[in-house]
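Encoded as structure tokens, the structure appears first; notes follow it.
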Amino acid sequence: MSLLGPFHVELEGREVVPTAPKLRQVLSLLAINVDRVVSSEQLIEELWGERPPSSATTTLQTYVYQLRKLYRLGSGTRAARSGGDAPALSTSPTGYVLMLASDAVDATSFVRLADRARAELDAGSLEPAVDTLRAALRLWRGPALAEVATGPLLRAATVWLEEQRRGLTLQRIDADLALRRHHELIGELTAMVAQQPTDESLQSRLMLALYRAGRRLDALRVYQQAREVLADELGLEPMPELQRVHQAVLVADPAIDEDFPACRAGTTVRGAAEPPDQLPPDVARLVGRRQQVTEVSAPLAAADRGAAPVVVVAGPPGSGKTALCVHVAHKLRGRYPDGLLYARMIDDEGRPLEPADVLGSFLRAAGYAAAAIPGPLDERSSLFRRWSAGRRVLVVLDDVAGAEQIGALLPTGLSCGTLIAARRRFSDPAVAVTVHLGPLACADAYRLLAHILGEERVNRQMAAAHDLVELCEGLPMALREAAAHLELKPHWPIARQVRRARSGEDRGGRPATP
């Protein structure tokens with residue numbers, strides 16, 4: 001089964017892929033967790049989010065039955081399977097477990113190879129490590145879980161897999177540099193920089209490879225191009241690491257011919273821990289929020305700052321606060337290479353989280369062992385501030401209930417920043433800027449629908465589209481939800497979704513709450 005690219009399943013040499021989007025979701029989540037129990041609650045959350053229909057449990061059982069039938073999966077335990085290798089989809093007291101051979105899922109093989117490569121790097125076995133890293137990266141055929149509709153759990157898994165892929169790629173490049181293979185790396189790094197022109201860690205490595213290959217002038221040109229791109233697209237100067245590489249090339253520093261530490265942005269040849277990255281995936285397209293993106297980004301991207309900026313995005317539920325904050329955080333990730341921390345500040349019941357619990361998760365992500373994390377809030381906050389003081393860390397706090405939740409969670413380094421999504425404005429001396437997010441303008445709401453459903457479909461049914469925008473009150477979340485349902489039903493008129501939403505039919509009989 002292939003998850004690292006377009007979704008692909010083979011059965012006895014034939015491609016057998018479920019056509020129903022939710023069947024793909026169920027199978028993908030089970031495969032990501034192969035040989036581990038996935039609870040019914042997790043599957044329901046993945047399929048329907050926070051608003052499952054009343055028939056969710058029965059529908060999930062139907063999906064499991066369909067998967068067993070489609071792939072001829074038994075329902076027994078591993079011990080009961082003939083030879084121990086026959087695939088099975090077993091029911092447990094709390095959920096379901098997909099049992100497959102150890103090499104049946106490419107994502108599982110990727111993780112296994114990644115662990116082996118890191119062990120080889122730690123042991124100083126560079127050549128075997130490079131071979132293992134290349135074998136792991138060859139398993140990828142495109143973006144993870146392409147062609148699969150993803151809910152919250154699969155999105156989180158996709159982000160984790162993509163970050164693992166990026167980290168292993170950089171580790172493999174660093175190992176090749178340490179093995180003096182700079183000539184072979186120049187073409188690859190040039191292509192990567194062209195695709196990701198604001199990724200300064202790639203720019204540093206390309207400069208190093210060019211310099212070691214005797215192409216000092218080309219290395220300096222890379223720096224000038226990087227500086228121009230950063231200035232034009234983000235209004236920023238290069239980070240200190242890239243500037244140090246530039247200076248070393250200018251003066252022909254002998255250290256640049258050795259293991260130059262400034263070219264290590266997030267990984268090292270010896271497999272040091274990577275900076276934490278907890279961001280949810282970025283939205284594919286943010287409609288109608290260009291001005292707000294600029295207003296939020298400006299203080300977080302500013303080089304001249306007297307304090308670590310705190311920016312609040314305030315707006316009603318469904319206005320897209322989270323999407324905007326996550327989008328800005330992804331856009332500015334190059335400015336915060338030492339950590340991207342994210343926390344949703346309410347639980348599934350809508351109750352505010354304790355700052356101490358959030359700090360615990362931040363500190364664990366930063367690499368602290370559980371035994372080293374103190375219990376009291378003030379001690380955890382002090383440890384977090386010491387850790388962040390010399391780093392460039394961006395903290396994103398979602399669904400903040402009030403100012404009392406944020407004080408202990410603010411990083412202290414001048415190069416750090418905090419981005420907050422809240423339903424209402426609140427007063428706190430640390431807040432530098434508050435940006436209000438309201439409903440989309442009508443034209444932007446139509447653009448959002450057209451982006452998902454296609455311009456022709458929306459233009460043909462403009463009156464019904466107007467009713468849908470009005471019913472959703474111009475809120476992006478409600479519009480995306482309604483449009484996603486229509487996208488799965490291309491034969492439905494938009495007016496039918498309007499009627500269903502008004503009657504509550506698409507909420508399992510409950511009144512619609514856009």
Side-chain angles (χ1 to χ4, degrees), residues 6-7 19-25 47-53 143 145-152 154-155 158 280-294 313 315-328 330-331 435-514:
F7 188 63
T19 55
K22 290 197 182 301
L23 270 185
R24 292 189 182 203
Q25 275 183 275
L47 292 172
W48 294 287
E50 297 179 357
R51 297 175 176 176
L145 291 174
E147 303 173 0
V148 176
T150 57
L154 282 179
R155 280 198 297 270
T158 299
D282 197 0
V283 293
R285 184 180 182 187
L286 202 64
V287 175
R289 300 302 194 193
R290 180 176 297 177
Q291 178 181 344
Q292 291 88 346
V293 167
T294 301
V313 178
S319 58
K321 303 181 297 297
T322 299
L324 187 141
C325 288
V326 170
H327 176 72
V328 169
H330 277 283
K331 178 184 174 186
V435 176
H436 181 72
L437 210 59
L440 290 173
C442 286
D444 291 327
Y446 296 140
R447 283 174 54 217
L448 177 57
L449 290 177
H451 172 64
I452 299 173
L453 302 177
E455 290 187 13
E456 182 182 354
R457 187 176 181 187
V458 172
N459 290 338
R460 277 192 288 105
Q461 306 172 68
M462 186 58 74
H466 174 79
D467 290 343
L468 187 59
V469 170
E470 201 170 65
L471 180 66
C472 294
E473 299 178 358
L475 295 173
M477 183 181 294
L479 285 165
R480 286 184 183 278
E481 201 171 284
H485 197 94
L486 284 165
E487 187 181 22
L488 297 176
K489 307 285 186 179
H491 57 288
W492 276 19
I494 296 175
R496 181 170 178 178
Q497 178 63 18
V498 173
R499 291 194 299 271
R500 286 169 56 84
R502 282 176 174 160
S503 66
E505 185 181 348
D506 61 345
R507 301 290 180 195
R510 296 193 300 271
T513 54

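When reading the values below, keep in mind they use all heavy atoms of this one structure, side chains included, and skip hydrogens, waters and symmetry mates.
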Query raised in the report: Which residue pairs pass the salt bridge (Lys or Arg N to Asp or Glu O under 4.0 Å) test when at least one of the two sits in residues 439-448, sequence neighbours left out?
Result: Asp444-Arg447
Report task. Find the distance between CG (Leu486) and CD (Gln497) and round it off to the nearest 0.5 Å. Result -> 4.5 Å
Report summary line: When every non-hydrogen atom of Gln292 is compared with those of His436, the smallest separation belongs to CG-O, 4.3 Å
Report task. Decide yes or no for Val458 and Gln461: does some side-chain heavy atom of the first lie under 4.5 Å from some side-chain heavy atom of the second? Result -> no
Requested in this report: Answer whether the closest heavy-atom distance between the side chains of Val328 and Val313 falls below 4.5 Å.
Outcome: no
Query raised in the report: How long is the span from the CG atom in Leu448 to the CG atom in Leu479, to the nearest 0.5 Å?
Result: 5.5 Å
Query - Rounded distance (nearest 0.5 Å) linking atom OH of Tyr446 with atom CG of Leu453 - result: 13.5 Å
Report task. Kindly indicate, with the supporting measurements, whether the criterion side-chain contact (heavy atoms from CB on, under 4.5 Å) is fulfilled by Lys489 and Arg496. Result -> CA-CA 10 Å; Lys489 307 285 186 179; Arg496 181 170 178 178; over 6 Å; no
Please list every donor-acceptor pair under 3.5 Å in which a side-chain atom of residues 315-323 meets a protein atom from a residue at least two apart or in another chain.
| residue | atom | partner | partner atom | Å |
| --- | --- | --- | --- | --- |
| Ser319 | OG | Pro316 | O | 2.7 |
| Lys321 | NZ | Gly315 | O | 3.2 |
| Lys321 | NZ | Pro316 | O | 3.2 |
| Thr322 | OG1 | Asp398 | OD1 | 2.7 |
| Thr322 | OG1 | Asp398 | OD2 | 2.8 |

Query raised in the report: Do Glu473 and Pro439 have side chains that get closer than 4.5 Å, going by heavy atoms?
Result: no
Report task. Report the distance from atom CG of Leu154 to atom CZ of Arg24, rounding to the nearest 0.5 Å. Result -> 13.0 Å
Query raised in the report: Does atom CD of Glu147 have more than 12 heavy-atom neighbours, drawn from other residues, nucleotides or ligands, at distances under 6.0 Å?
Result: yes
Report summary line: Tightest non-hydrogen contact, residues Gln25 and Thr150, listed as NE2-C, 4.0 Å
Query raised in the report: Is any side-chain heavy atom of Leu440 closer than 4.5 Å to a side-chain heavy atom of Pro476?
Result: yes
Report task. Evaluate the side-chain proximity of Lys22 to Leu488: yes if any heavy-atom separation is below 4.5 Å, no if none is. Result -> no
Requested in this report: Could you tell me whether the side chain of Pro280 reaches within less than 4.5 Å of the side chain of Arg155, counting heavy atoms only?
Outcome: no
Query raised in the report: Once you round to the nearest 0.5 Å, how far does CG of Leu286 lie from NE2 of His330?
Result: 12.0 Å
Query - side-chain contact (heavy atoms from CB on, under 4.5 Å) between Leu449 and Ile494, intermediate numbers included - result: CA-CA 10 Å; Leu449 290 177; Ile494 296 175; 5.9 Å; no
